[in-house]
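In this chain, residues are counted from 1 in sequence order.
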Amino acid sequence: MPDPFAEKRPIYMLQHHPSQLSLKEKALNLGGSTHKRYPITRTKVEGYPGAGMGRIVRLDKPVPLTAIIDRIGLGLGNPKGFPIAVPQGKSAGEMMIGSIGICAGSGGSLFAEMEKNGEDVDLYFTGEMSHHEALAAIEKGKCVICLFHSNTERGFLHGVLKAQLEAQVKKEWEKVRSEERAKDGISEQLMEALSDDHFDVAVSEVDRDPFGIMISKSEV
């Protein structure tokens with residue numbers, strides 16, 4: 001039987017956020033806004049004095065929430081949309097942001113810990129939060145931006161971690177090559193392998209967040 005609503009129904013397509021290689025890391029920087037930042041939960045990692053989970057960013061001067069949204073959209077390659085929550089009775093255009101809590105992935109529990117430690121912020125920026133976590137946040141006058149879990153991690157993988165791994169692997173491989181060459185009785189095959197200083201660190205272009213956004217083709 002023909003679908004009586006077929007002609008009236010809009011046609012939708014599933015769109016995922018762009019892959020990490022199309023991310024514009026510079027657009028996600030705070031630019032000329034003077035600020036201070038520090039971990040939500042500090043951890044001790046040798047050689048990394050600022051290590052820790054999440055970040056709290058405090059701006060010297062508040063900026064419009066819409067300006068932050070524009071910068072996020074630009075950094076993500078202008079996706080068609082992402083979830084945002086603002087206090088009831090307010091619009092995104094009214095909100096000014098002077099402090100931000102940031103957590104890649106799922107930030108609800110880390111933000112709760114942050115509050116228990118007496119840290120208050122205007123905006124939660126994360127990949128995902130539960131309905132009740134977001135509701136509690138806007139009831140306290142906060143805003144929430146969620147980009148989906150994996151989308152908040154990819155920029156770091158390509159823009160930061162890849163270069164760090166390349167530097168560390170190069171260092172370790174040079175150490176191994178030096179130690180092995182100093183040994184007696186090395187075979188020609190092993191010597192040939194040790195003479196090769198090439199390696200690759202690849203970031204997947206196939207992996208993506210399971211969630212995308214269904215948008216009307218008329219909006220594409």
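Closest non-hydrogen pair, P39 versus G52, comes out as CB-CA, 3.8 Å. Of all the heavy atoms in L194 and E180, the pair that sits closest is CD1-CB, 3.5 Å. Between C143 and V86, the shortest heavy-atom distance links the atoms SG-CG1, 4.0 Å. Here the closest heavy-atom approach between residue R177 and residue D196 is recorded as NE-O, 4.3 Å.
By the side chain to side chain donor-acceptor pair (under 3.5 Å) test, S150 pairs with D209, sequence neighbours left out. In this structure T66 satisfies the side chain to side chain donor-acceptor pair (under 3.5 Å) test with no other residue, sequence neighbours excluded. S91 meets the side chain to side chain donor-acceptor pair (under 3.5 Å) test with E94; sequence neighbours excluded. Legend: residues meeting side chain to side chain donor-acceptor pair (under 3.5 Å) with S109, ordered by chain and number and at least two apart, are absent. Listed by chain and residue number, I138, V144 satisfy the side-chain contact (heavy atoms from CB on, under 4.5 Å) test with A85 (two or more places apart in sequence, or in another chain). With sequence neighbours excluded, no residue forms a salt bridge (Lys or Arg N to Asp or Glu O under 4.0 Å) with E153.
Evaluation of the ring pair (Phe, Tyr, Trp, His ring centres under 6.0 Å) test over residues 96-115, restricted to residues two or more places apart or in two chains, returns F111-Y124. Listed by first and then second residue, the side chain to side chain donor-acceptor pair (under 3.5 Å) pairs involving residues 40-49 are T41-E113 (not counting sequence neighbours). For the salt bridge (charged side-chain N to carboxylate O under 4.0 Å, His left out) condition, the pairs that include at least one residue of residues 131-145, sequence neighbours left out, are E115-K140, D120-K142. Applying the ring pair (Phe, Tyr, Trp, His ring centres under 6.0 Å) test to pairs two or more places apart or on separate chains, none has a residue in residues 174-202. Screening residues 163-176 for side chain to side chain donor-acceptor pair (under 3.5 Å) gives K162-E166, Q168-E172 as the qualifying pairs, with residues at least two apart or on separate chains. The salt bridge (charged side-chain N to carboxylate O under 4.0 Å, His left out) analysis of residues 49-61, with sequence neighbours excluded, yields the pairs R58-E119.
For the pair I68 and I100, the minimum side-chain heavy-atom distance is below 4.5 Å.
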